[in-house]
Amino acid sequence: MKLQSYVMGAWVSGVGEGRPVVDSVRGEPVCSVDATGIDMVQVADYGRRVGGAALRAMTFHERAAALKETAKQLMAMKEQFYELSFKTGTTRADAWPDIEGGFGTALSYASLVTREFPNDSVLIEGEMEALSKNGSFVGRHILTSKPGVAVHINAYNFPVWGMLEKIAPSLLAGMPVIVKPATPTAYVTKAVVQEIINIGLLPEGAVQIVCGSVGDLLDHLNEQDVVTFTGSASTGQALKNHPNLLANSVPVTMEADSLNCAILGESVKAEDPEFQLFVKEVAREMTSKAGQKCTAIRRVIVPHALIEPVTEALKARLAKTVAGDPTLEQVRLGALVSAEQAQDVREKVEALCSEATIVAGGEEDMPLAGLSHNAGAFYPATLLRCDEPLSANVVHSVEAFGPVATLMPYHSLNDAVELARMGKGSLVGSLFTADDQEARAVILGTAAWHGRMLIINGDCAGESTGHGAPLANLIHGGPGRAGGGEELGGARAIKHYMQRTAIQGSPTTLMAITREYHRGAKEIHDAVHPFKKYFEELQIGETLVTHRRTVTEADIVNFGCVSGDHFYAHFDEIAAKDSFFGQRVAHGYFVISAAAGMFVHPAPGPVIANYGLENLRFVEPVPAGTTIQCKLTVKRKIKKARRGDEKPNGVVVWAVEVTNQNGGPVAVYDILTLVERQEA
Ligand code: NDP
């Protein structure tokens, strides 16, 4: 069966013979993969023209809603993907982070956007920058969608998650994608894309998939396109140096295999919980996904005094690991993806043996549960030990992408730090210690070499997400050998597919572009109180200026008694005189409470509730006798998706400025209210 590609609105087959792909467990044919004859220039153009235009016409929230519903429907059909995944050699437990983790990542991104992004297509970043004396010329950063395509070249080990963690941020950013799965597991990726197309909630052209070589695609990308790559460091470097990508400054995010380390702290004793936690995590990382994880622990850095107990404990754990048919419940170690990958691991272990010796595994005649023989892709969990790691080279540079790790003893914490750095840049590192000072020393010494680090002790181990698991809200990527990329990490990942631009102009022009009120922009005044207006009726810049109120000694005393706040600055004449204030002043919280009393309209109305308060600054003290006044301006509006029986509503962010009798600000902040919408 030839695996088809979905391009330009149709499923098509390549015209070449194709690369055969076999079942990793039994070696039986699954499909052949080929994209010969597909016109890549047309594919990219279709993505930009059809998918890109449709996505950019949607707001962030509309894209998020389409992605969320798609991910929910995919989750409901997960069993069919597990069935396919067994053929790639993975157990159900190993496929979980790929399949359900993949759909969960898409859901996390969709909800992050609904929570944190505006219901608009332009994203504002940071605060307004004052650029002129009188405030008539200001600056701000905005991000807009790149009108290109994002080409995602994926690795074979995470055919579902690897695709989704890249396409979710791209689609949310408004950028169409061309997915290029790795050949050995392309049939799993294709099955998910097929369902995404069938679900039909993402616009046509937003998702295309090329199963097979991308041919001359990279030669035709332009300055608005983006490439991401996960796979071997050598292919990644070749892509980064592609002449057309260099000539057009096409961003290439690279996430490559790295020699991640786990360090057992110098303070840990064999009887401490951290010792067992360390052994368990190293063994788990070696065997899960048969060690084919870019985040797997490859270098196990252990205090010299504990090298023997750690070696013995790991050997005992690995000896209990059952290898074999991944569909069987007792199996913990599945197959590598292919006989070629097993051969590659064999060769890399041989190379490691120039500096290390095998202490467990290595032998190929491993027993396999549920199988009569090894069809070529099984490799035993193999532990090596290098006794002079500081003078070694191969153990820090050769990665056997399978169930293989190397133990390395160290004599001082400085040596442990040095060994971690010798990996020359990793995706992740972990430290097992209950000593927080030791943790600080190791993290500060090694963080610059890592994209993510976790510190495990008895307090957090129970709820730890583990060494090997990248998370949607934390950075995935690492410096140096790991490729220098940053994927995931919350909103950062989405911004990668958008162009950041500094805009400069008058506050009123910037308000029109960003749909956000900027101090100094034109205000709109109306006889109707803004709290009497529905969400749709409120205009950005609409302003209420309240009556005035003189703060009295009685206000200060009453507020102190109601709140119980008898801080000296409000109640001790002598101490207040000697203080920074020079006299007794009103409580800051009284000022904002009094302001609320001045600007609210007390009768029931479309304003449903006060939602919160942000960016509060008390600018000037307010002694008794100060006459305050406030200005309330519609700063930003966020239309919310309707939930359950809730009345349709939206969040209105109001800029509040409380001034004194001289017109100078005494308090500035934003308040958030939930306001009813008229339309359903
Ligand atoms: P590769 O780097 O060869 O392949 C990764 C992806 O790049 C695949 O989709 C591959 O497609 C594609 N590719 C390869 N050459 C080109 C090219 N010239 N232009 C465009 N795309 C290209 O990695 P492998 O999958 O072969 O694995 C080899 C090694 O990589 C492993 O042994 C391991 O060390 C490392 N690896 C690292 C991973 C990580 O997550 N960091 C994941 C997987 C592997 P195709 O498959 O069709 O060739």
Side-chain angles (χ1 to χ4, degrees), residues 19-31 82-99 155-159 182-188 232 257 282-298 314-353 356 358-384 398-406 468:
R19 271 166 68 187
V21 173
V22 298
D23 175 319
S24 315
V25 182
R26 294 185 171 79
E28 293 157 1
V30 176
C31 62
Y82 275 113
E83 276 308 309
L84 270 184
S85 193
F86 285 134
K87 290 183 196 292
T88 70
T90 34
T91 63
R92 191 178 172 99
D94 288 350
W96 184 89
D98 187 35
I99 296 170
Y156 71 77
N157 53 347
F158 286 96
T183 294
T185 56
Y187 56 96
V188 182
S232 63
D257 45 335
V282 171
R284 192 165 66 133
E285 283 296 314
M286 283 179 70
T287 52
S288 84
K289 273 245 163 212
Q292 300 168 104
K293 285 198 311 193
C294 48
T295 52
I297 297 169
R298 305 288 177 202
L314 273 172
K315 278 168 73 175
R317 261 195 179 266
L318 295 175
K320 282 194 280 183
T321 306
V322 179
D325 180 350
T327 59
L328 299 179
E329 224 178 287
Q330 73 271 31
V331 168
R332 293 284 171 277
L333 179 64
L336 297 177
V337 76
S338 62
E340 293 76 38
Q341 187 62 31
Q343 180 55 23
D344 185 67
V345 171
R346 214 168 280 129
E347 286 166 13
K348 298 284 170 53
V349 169
E350 259 177 54
L352 292 171
C353 283
I358 293 176
V359 292
E363 72 285 354
E364 297 266 349
D365 54 344
M366 56 196 296
L368 295 174
L371 294 169
S372 57
H373 71 289
N374 184 352
F378 284 93
Y379 192 87
T382 299
L383 185 66
L384 297 106
V398 170
E399 185 191 26
F401 204 66
V404 180
T406 305

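Everything quoted here is computed from the prediction, not taken from an experiment.
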Checking Phe401 against Gln341 for the side-chain contact (heavy atoms from CB on, under 4.5 Å) test, could you report, in this order, the C-alpha distance in whole Å, the side-chain angles of both residues, the deciding distance, and whether it holds?
CA-CA 8 Å; Phe401 204 66; Gln341 187 62 31; 3.5 Å; yes

What salt bridge (Lys or Arg N to Asp or Glu O under 4.0 Å) pairs are there with at least one residue in residues 315-324, not counting sequence neighbours?
Glu312-Lys315

Looking at Arg298, is its backbone amide N or carbonyl O close enough to the side chain of Glu399 to form a donor-acceptor pair, meaning the two atoms are under 3.5 Å apart?
no

Can you tell which of Leu318, Thr91, Thr321 makes a side chain to side chain contact (heavy atoms under 4.5 Å, CB included) with Arg332?
Thr321

I need the Cys31 SG to Arg19 CZ distance, nearest 0.5 Å.
11.0 Å

Do we see a donor-acceptor contact under 3.5 Å between the side chains of Tyr156 and Gln292?
yes

Test side-chain contact (heavy atoms from CB on, under 4.5 Å) applied to Phe86 and Arg92, step by step:
CA-CA 7 Å; Phe86 285 134; Arg92 191 178 172 99; 4.2 Å; yes

Taking side chain as C-beta onward, heavy atoms only, is Glu340 less than 4.5 Å from Gln343?
no

Mind checking side-chain contact (heavy atoms from CB on, under 4.5 Å) for Ala369 and listing every partner two or more places apart, or none if nothing turns up?
Val322, Leu328, Gln330, Val331

Between Lys87 and Val30, is there a donor-acceptor pair closer than 3.5 Å when you use the side chain of the first and the backbone of the second?
no

Go through Ile297 and Met286 one step at a time and tell me if the side-chain contact (heavy atoms from CB on, under 4.5 Å) criterion holds.
CA-CA 7 Å; Ile297 297 169; Met286 283 179 70; over 6 Å; no

Can you check whether Arg26 reaches Leu371 side chain to side chain, under 4.5 Å on heavy atoms?
yes

